Each structure stands twice: as structure tokens, then as C-alpha cells.
Amino acid sequence: MDILANPYLNIVFNALISGGAFLCFVLGIAMLLLKYPRRSVSYLILLSFVMGITQLYAWFNLNTLFFRPQWLNYIFVGANFLIGPGVYYFYKSTGDDSFVADRRTQLAFLPGMFFSLLIPFINLVAPEVMPTDPRQFFYTGRPSFIDAIFSLALLHNAGYYIKLFLVTRPLIVANRNMKETGALTAFLMFFGIITLINLYGIIAYLTRDIRHFYADSCIITLLIVSFMVFALRYPQYFLRVRPE
């Protein structure tokens with residue numbers, strides 16, 4: 001189904017997706033410029049920019065704006081590999097007072113960098129296999145290697161969400177202050193929302209309905225707004241003033 005065939009739905013998706021991209025970039029730039037010493041902020045900045053890029057490309061696709069060379073249409077694919085480890089280490093650095101980033105932490109982001117370089121390399125050596133329209137699978141049913149890589153990113157992130165629940169939840173539960181202020185409930189709620197966003201992306205591929213991908217982007221907008229509200233309500237967990 002062509003989303004542009006429904007003008008009302010098109011307006012709603014355009015407004016929410018573009019607004020989400022704007023909020024993501026503003027939030028990321030604000031935290032970057034203010035230089036908060038909170039160790040978890042670096043992961044929140046990363047997530048803000050990655051989700052902003054995802055939102056921006058959803059808006060490009062919605063408005064049929066494509067670029068040359070073709071790999072420029074797929075920057076969001078490699079970036080999506082950063083969401084899983086970004087969420088995991090954001091929660092871990094917030095809930096675990098003894099957390100220290102090490103070489104293993106850095107290696108967790110290596111797949112995102114690898115695929116970000118692999119896609120333009122493939123476009124360079126075999127440009128004929130690079131789809132000119134990122135929506136090709138949804139409209140023709142013919143998957144490309146890009147669809148395989150993006151599906152791998154969704155599964156990669158799902159693995160980190162499972163790990164997050166198994167490893168990080170006990171650390172957060174043990175934080176008495178978080179339980180007393182209600183922050184624990186909010187953290188688990190965010191975890192559930194992020195997991196559902198990833199699952200919804202998988203459903204979009206399984207049903208081959210591009211409307212689900214645009215709706216998924218709209219949910220990301222609501223998630224970013226929720227993060228901003230949570231940061232104002234519980235600043236000690238996001239933007240603590242004192243260094244750690």
C-alpha cells in the first residue's frame with residue numbers, strides 16, 4: 001500500500017516523524033554542549049543521534065527523497081546496530097554504581113561501525129546490487145542484502161534487550177533510592193517500550209506493510225518525549241550534576 005495515497009495518514013506520520021527527528025537531535029546536541037559529567041549521558045547522546053538518524057530517514061522514505069550514490073539512503077542501517085548496546089550500557093551505567101567502560105564495552109559497538117563501512121563498500125564494488133528505493137521489499141516483495149542486514153540489526157538489538165533484562169534488572173531493583181522514588185517503574189516501562197519498538201519493526205517485515213515502519217517511527221517520537229519528561233522528573237538518573 002502506498003502511504004501517500006492516504007493524505008490524512010500522510011500528514012500525521014509526517015508531523016510525528018519530523019518532530020521526532022527534531023527532538024532527537026536537539027536533545028543530543030543539548031546534552032553534548034552542556035557536557036554533563038554523568039557517565040550514562042554519553043550513551044543517551046548516542047541513542048538520541050541514532051534515533052534521530054532513523055527518524056530522519058523514515059521521513060526521507062515517506063516523502064520519496066532518495067540520494068546518489070545509493071548507499072547514502074542506508075546510513076540508518078549501520079546506525080541501528082548501535083541501539084542495542086547503547087540501550088544496554090545506558091541502563092547498566094545508570095543502575096550499576098560499579099560500572100566502568102572497558103574494551104568489551106567498546107567492542108559491543110563494533111558491528112555498527114563495520115556495517116556502516118560495509119554498505120558503501122558494496123555500493124562501490126557492486127553498485128548494481130544496491131536498491132535505489134529503500135522501500136523495495138515492501139512494494140515488490142523482493143528482499144535485498146540491505147533488508148537482510150537491517151533484519152540482522154533488529155535481531156542483534158533483541159539479543160541485547162534480553163541480556164539487559166537478565167543482567168541489569170537485578171542491579172536496578174537493588175537500588176533502593178530508585179524503588180522509593182518510582183524511578184524503577186519508569187525504567188522498566190522504558191525497557192518494555194524499547195523492546196516493543198524493536199518487535200514492531202520485525203512485524204513490519206513479516207507482514208510487509210510499510211505503514212508499520214512509519215508507525216514505529218511515530219512511537220519513537222513518543223519515547224523521546226517520555227525520556228525528556230523523565231529526565232526533568234528524575235534528573236539524578238540522567239543528568240546528575242556531580243561527577244562520578
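All heavy atoms count here, side chains included; hydrogens, waters and symmetry mates do not. The residues of the chain are indexed from 1 along the displayed sequence. None of these values were measured; they are calculated from a predicted model.
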For this session: For residues Val77 and Tyr57, determine if any side-chain heavy atom of one lies less than 4.5 Å from a side-chain heavy atom of the other.
Result: no
Problem set entry | Contact check, side chains of Phe60 and Leu72, non-hydrogen atoms, under 4.5 Å | no
Exercise. Is the Phe25 ring parallel, tilted or perpendicular to the Phe49 ring (thresholds 30°, 60°)?
Worked result: tilted
Exercise. How far does CG of Asp216 sit from CG of Leu199, to the nearest 0.5 angstrom?
Worked result: 9.5 Å
Problem set entry | same_hphob_cluster(Phe13, Leu65) at 4.5 Å side-chain heavy-atom cutoff | yes
Seminar exercise, completed: Here the pair of heavy atoms bringing Ala108 nearest to Pro85 is O-CG, 3.6 Å
Problem set entry | OH-CD1 distance between Tyr200 and Ile219, expressed to the nearest 0.5 angstrom | 5.5 Å
Exercise. In terms of hydrophobic clusters joined by side-chain contacts under 4.5 Å, are Ile203 and Phe138 together?
Worked result: yes
Exercise. Do any N or O atoms from the side chain of Asn123 and from the backbone of Ile119 form a donor-acceptor pair under 3.5 angstrom?
Worked result: no
For this session: Write out all pairs satisfying ring pair (Phe, Tyr, Trp, His ring centres under 6.0 Å) with one or both partners inside residues 106-131, taking only residues at least two apart or from two chains.
Result: Phe81-Phe115
For this session: May I ask whether Leu107 and Val50 are part of the same hydrophobic cluster, defined by side-chain heavy atoms of I, L, V, M, F, W, Y residues being less than 4.5 angstrom apart, directly or through others?
Result: no
Problem set entry | Side chains of Phe90 and Val41 in contact at under 4.5 Å (non-hydrogen atoms) | no
Problem set entry | Co-membership, hydrophobic cluster, residues Phe145 and Tyr139, 4.5 Å side-chain | yes
Problem set entry | Shared hydrophobic cluster, Ile210 / Phe66 (ILVMFWY, side-chain heavy atoms < 4.5 Å) | no
For this session: Nearest 0.5 Å please: distance from the CG atom of Leu62 over to the CZ atom of Arg135.
Result: 8.5 Å
Exercise. Under the side chain to side chain contact (heavy atoms under 4.5 Å, CB included) criterion, do Asn80 and His156 qualify, and how do the steps go?
Worked result: CA-CA 9 Å; Asn80 265 260; His156 172 263; over 6 Å; no
Exercise. In Å and rounded to the nearest 0.5 Å, what is the OG to OH distance from Ser93 to Tyr88?
Worked result: 10.5 Å
Problem set entry | Distance in Å, Ile149 CD1 paired with Leu154 CG, rounded so as to fall on 0.5 Å steps | 12.5 Å
Exercise. In terms of ring plane angle, is the pair Tyr205 and Phe150 parallel, tilted or perpendicular, where the classes change at 30° and 60°?
Worked result: tilted
Exercise. What residue pairs, at least two apart or across chains, pass side chain to side chain donor-acceptor pair (under 3.5 Å) with a residue in residues 65-78?
Worked result: none
Problem set entry | Whether over 12 other heavy atoms sit under 6.0 Å from Phe22 CZ | no
Exercise. Minimum heavy-atom separation for Ala21 to Gly52, with atom names?
Worked result: CB-O, 4.0 Å
For this session: Answer yes when Asp209 and Arg211 have at least one side-chain N-carboxylate O distance shorter than 4.0 Å, and no when they do not.
Result: yes
For this session: Show your reasoning for whether side chain to side chain contact (heavy atoms under 4.5 Å, CB included) applies to Phe76 and Leu56.
Result: CA-CA 9 Å; Phe76 71 94; Leu56 185 62; over 6 Å; no
Exercise. What pair of heavy atoms forms the shortest contact from Gln55 to Gly20, and how long is it?
Worked result: NE2-CA, 3.4 Å
For this session: Heavy atoms only: give me the nearest Ser116-Ala79 pair and the separation to one decimal.
Result: OG-N, 4.0 Å
Problem set entry | Non-hydrogen atoms of Arg142 and Gln136 that approach each other most closely | O-NE2, 2.9 Å
Seminar exercise, completed: Rounding to 0.5 Å, atoms CG (Leu23) and OG (Ser18) come to a distance of 9.5 Å
Seminar exercise, completed: Shortest non-hydrogen pair, Pro134 vs Thr132, comes out as CD-O, 3.8 Å
Problem set entry | Residue pair Asn14 / Asn63, side-chain donor-acceptor N/O under 3.5 Å | yes
Exercise. Where do Tyr160 and Val87 land on the side chain to side chain contact (heavy atoms under 4.5 Å, CB included) test, with the steps shown first?
Worked result: CA-CA 8 Å; Tyr160 270 99; Val87 170; over 6 Å; no
For this session: Determine, step by step, whether Ser144 and Phe137 satisfy the side chain to side chain contact (heavy atoms under 4.5 Å, CB included) criterion, reporting the C-alpha distance in whole Å, the side-chain angles of both residues, the deciding distance to 0.1 Å, and the verdict.
Result: CA-CA 7 Å; Ser144 68; Phe137 172 70; over 6 Å; no
